[in-house]
2 protein chains.
Amino acid sequence: MNEKIKIGLVEDQALFRTGIKAILSSWPGFEVVFESADGYSVIEKLKQGAPMPDVMLVDLSLPPNGDIEYTGEQLTVELTRLYPDLRIIILSVHDDENFIARLIESGAHGYLVKDCDPQEVHDAIVAAHTKGSYINERTLRAIQKNMGKKQKPIKTEIEITKREIEILQLTCQQYTADEIADKLFISVKTVNGHRNNLLQKTGSKNVTGLVIYAIKNQIVNLA
Amino acid sequence: MNEKIKIGLVEDQALFRTGIKAILSSWPGFEVVFESADGYSVIEKLKQGAPMPDVMLVDLSLPPNGDIEYTGEQLTVELTRLYPDLRIIILSVHDDENFIARLIESGAHGYLVKDCDPQEVHDAIVAAHTKGSYINERTLRAIQKNMGKKQKPIKTEIEITKREIEILQLTCQQYTADEIADKLFISVKTVNGHRNNLLQKTGSKNVTGLVIYAIKNQIVNLA
DNA sequence: CCAAAAACAGGTATTTATACCTATTCACTA
DNA sequence: TAGTGAATAGGTATAAATACCTGTTTTTGG
C-alpha cells in the first residue's frame, strides 16, 4: 500500500548527486525518478514528459546552462508556479537567515544546509511529502526574524533590486562604472547611484565589500 | 588474494561524506576505514591508533576545529611527512591550475574536482593505491605549466609573497591602502606597491579582481 | 487610480585607486 | 661574493570610486 516517494535531484556536482542518490536509494520507500545538473534543463525535461517527482531536492548553487543563468531561487519560483503540487527542498551551503527566509518566501517547502545529517534529509523528504513542508528550528528562526522585519516599518532588511543585481554582477566582473554605463546604455551617474545604494544596503565600505556580499549571497558565480 | 583497499575520508559536510561513503561501499574491493570532519582531528585520531587507510580522500575546504585552522593543504603536508606510505587524493571545488599544482607540490598524489564523475574517483583510488598516484589530464597540464614556469627565468608564474598575502587579506576586509599602511606600520606607497604587484601577478584590473582571486585561491575565508 | 518604489540623470567635491617610474635595504643563495 | 628577489619608500599623474545633494520618469502594487 505504501507507494514509494518519488524524488527529483537538481545538483550540478555529479559526485554529490551520485552520493545523495546512493543514500536515498539505500532507504526503502524512496525512489529517485528525476535528475538534473542545472536549473534550466529541469523545466525543459519536465515539460517534455520527464517523470514528475513528489519531492524535488534543489541545490542552490546552480551553474548557468550556456548563456542562461538560472539560480536555485529562480528555479524554485518557477517550479512552484508551474507545479503547485511539487514539494521543493533546498540544499545549500549557506546558513544565512535572510537567505533562508528568502528561499522559503520564494516557495520552497524546506531548507537544509549541506552539512546536515543524512537522517535529516530523510525526515525532510517524508515531512514535505506527507505534511507539505519541513521547517526545522533553524528555518523557523529565520522565518520568524524575517517576518518581524517585514512587519516593522523600519527598513532593516536588505532587499536588492534587479537592476542593482545587474550592476553588482558587472562590478564583480571588474568592469568600471563607465564600462557598465556603456554596456547598459545608461548614464554613469545612474550606475554610481545604484552602487551607492548597494553600499548602503549591504553595509559595505567599498567595492570589496560588495564583491564579498555578492559571493556570499550567490549573486555571482565563482566559476 | 585481493585485499580491499582501505579508504579514509576527510570531509566536513556530513551529507557529502555519507554520500561518498555510500558510493565507495557500493564498489567491491573498497572499504572505508576512517572518517573525519576536520583536518586537525585526523592526525589526532591516527596517532591514537585509528585504522590507517591506504588512500585518504581529503576535502580542501576544511573548517577550523575550535581555534585551530587546519587547511587541506596543511593536512596534506603533515600527512605525507608522518605517513609516507599513505596516498592522498584531494577533493576540491577549485579548478585553478596554480591551485592544483600547489597541492601536488605539497605532496598530494591526486587531485579531483568535486563535480567529477564517480567513476573517476574509483579510478583515482585504484591508481593511487597500485601505481602510487593518479594524475589526470587536467592535473598534468597544471603541473606542466607550473614546472615550465619554474624552469624559465621569465616571470610568468604567479607566486605571491607573504607580505602580498597580508595586504590582500586586509584589502578583502575593506581596508583602504591608508588603513593598511597604518595597521602594518609601513608607508602607503609600499602598500600601493604591493597592490600593484598583486594586480599584475593575478592579472586583475582592480580590487574586484583581487578579491575574487583571493577567494578562489582560498587566501581569504568567506566565513 | 494613486502612492511608493525603482530606475533614471545631473552636479560638486573629496577620497581612493591605479599607472609608471626610480631607488634603497635586507636576506638568501648559487 | 655577486646576484636575486622581497620589502621598503618616494614622486607624478590620471582614473575611478565615494559622499552628498537634487530632481524626473517609469514601473509596480494596493
Side-chain angles (χ1 to χ4, degrees), chain A residues 77 81 102 105-106 149-214 219, chain B residues 146 149-214 219:
Chain A
V77 173
R81 191 176 66 81
R102 208 170 85 191
E105 214 181 334
S106 298
K149 283 177 187 172
K150 291 255 158 121
Q151 284 162 359
K152 287 175 200 160
I154 312 152
K155 290 205 120 201
T156 39
E157 70 180 308
I158 16 173
E159 210 165 310
I160 292 172
T161 67
K162 284 178 193 175
R163 201 53 157 177
E164 283 166 355
I165 285 178
E166 265 190 284
I167 269 96
L168 187 47
Q169 286 170 336
L170 290 168
T171 302
C172 289
Q173 286 162 47
Q174 304 192 50
Y175 291 114
T176 67
D178 268 285
E179 291 167 339
I180 295 172
D182 279 349
K183 266 185 189 293
L184 300 181
F185 306 107
I186 55 178
S187 159
V188 197
K189 299 290 183 178
T190 309
V191 176
N192 277 321
H194 287 308
R195 273 202 184 166
N196 283 327
N197 289 337
L198 280 167
L199 289 174
Q200 260 197 289
K201 287 183 180 178
T202 63
S204 303
K205 189 178 169 187
N206 49 37
V207 270
T208 301
L210 290 185
V211 176
I212 306 268
Y213 177 88
I219 290 164
Chain B
N146 226 261
K149 283 174 187 174
K150 290 252 158 122
Q151 286 163 358
K152 287 176 200 159
I154 312 153
K155 293 200 115 207
T156 39
E157 69 178 310
I158 16 173
E159 209 165 312
I160 292 172
T161 67
K162 286 177 191 173
R163 201 52 156 174
E164 283 166 356
I165 286 178
E166 265 190 284
I167 269 95
L168 187 47
Q169 286 170 336
L170 290 168
T171 301
C172 288
Q173 284 161 49
Q174 305 192 48
Y175 291 114
T176 67
D178 268 284
E179 291 167 340
I180 294 172
D182 279 348
K183 265 185 189 293
L184 301 181
F185 305 107
I186 56 178
S187 160
V188 197
K189 297 290 182 178
T190 309
V191 177
N192 276 322
H194 287 309
R195 272 201 185 170
N196 283 326
N197 290 337
L198 280 167
L199 288 174
Q200 260 196 290
K201 286 183 180 178
T202 62
S204 302
K205 190 178 168 186
N206 49 38
V207 271
T208 301
L210 290 184
V211 176
I212 305 266
Y213 178 89
I219 290 165

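Small disclaimer: the values here were computed from a predicted structure and weren't measured.
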Quickly work out the [X] [atom1] to [N] [atom2] distance and round it to whole Å.
{"X": "B:R163", "N": "C:dA27", "atom1": "CZ", "atom2": "P", "value": "15 Å"}
{"X": "A:N192", "N": "C:dT12", "atom1": "CG", "atom2": "P", "value": "15 Å"}
{"X": "B:L198", "N": "D:dA6", "atom1": "CG", "atom2": "C1'", "value": "13 Å"}
{"X": "B:R195", "N": "D:dA17", "atom1": "CZ", "atom2": "C1'", "value": "12 Å"}
{"X": "B:Q200", "N": "D:dG5", "atom1": "CD", "atom2": "P", "value": "14 Å"}
{"X": "B:L184", "N": "D:dA7", "atom1": "CG", "atom2": "C1'", "value": "12 Å"}
{"X": "B:E179", "N": "C:dT15", "atom1": "CD", "atom2": "C1'", "value": "11 Å"}
{"X": "A:I186", "N": "C:dA7", "atom1": "CD1", "atom2": "P", "value": "10 Å"}

Can you pull out every side chain to side chain donor-acceptor pair (under 3.5 Å) where at least one residue sits in residues 163-182 of chain B? Sequence neighbours excluded, please.
A:K205-B:E179, B:T161-B:E164, B:R163-B:E166, B:E164-B:K201, B:T171-B:R195
I want to check one thing: is the phosphate of D:dG5, taken as OP1 and OP2, less than 4.0 Å away from some side-chain N or O of B:T161?
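B:T161 to D:dG5 OP1/OP2: no side-chain N or O under 4.0 Å.
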Short side-chain N/O contact to D:dT8 OP1/OP2 from B:H194, under 4.0 Å:
yes
Mind checking A:T176 for me? I need base, sugar-phosphate or nothing, with any heavy atom below 4.0 Å counting as a touch.
sugar-phosphate
When we call it a touch if two heavy atoms are under 4.0 Å apart, what does A:V207 touch: a base, just sugar-phosphate, or nothing?
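Since only primed, P, OP1 and OP2 atoms lie under 4.0 Å of A:V207, the category is sugar-phosphate.
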For A:Y175 and A:K162, find the nucleotide of DNA chain D closest to each by heavy atoms; which residue's nucleotide sits nearer the 5' end?
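Of the two residues, A:Y175 wins.
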I want to confirm an ordering. Mapping B:S187 and B:N206 to their closest nucleotides on DNA chain D, which one lands closer to the 5' end?
B:S187
Give me the one residue out of B:I160, B:L199, B:T208 that meets side-chain contact (heavy atoms from CB on, under 4.5 Å) with B:Y213.
B:I160
Quick check for you: among [options], whose closest atom lies nearest to any side-chain atom of [X]?
{"X": "A:L199", "options": "D:dT8, D:dA19, C:dC8", "result": "D:dA19"}
{"X": "A:K189", "options": "D:dG10, C:dG11, D:dT18", "result": "C:dG11"}
{"X": "B:A177", "options": "C:dC20, C:dA17, D:dA9", "result": "C:dA17"}

Among all residues two or more places apart in sequence or in another chain, which pass the side chain to side chain contact (heavy atoms under 4.5 Å, CB included) test with B:K189?
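Per chain and number, B:K189 pairs via side chain to side chain contact (heavy atoms under 4.5 Å, CB included) with B:S187.
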In short, B:A214 meets B:C172 closest at the heavy-atom pair CB-SG, 3.8 Å
On a heavy-atom basis, which atom in A:N192 and which in A:A177 lie closest, and how many Å separate them?
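What the structure gives for the nearest pair is OD1-CB, 3.9 Å.
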Interatomic distance, B:L198 atom CG to B:I219 atom CD1 [nearest 0.5 angstrom]:
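Between atom CG of B:L198 and atom CD1 of B:I219 there are 8.0 Å.
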In the structure I gave you, are the side-chain heavy atoms of B:L170 and B:L184 within less than 4.5 Å of one another anywhere?
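Yes, their side chains come closer than 4.5 Å.
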Bend of the helix from C:dC1-D:dG30 to C:dA30-D:dT1 from end-axis comparison, five pairs per end, nearest 10°, comes to 60°
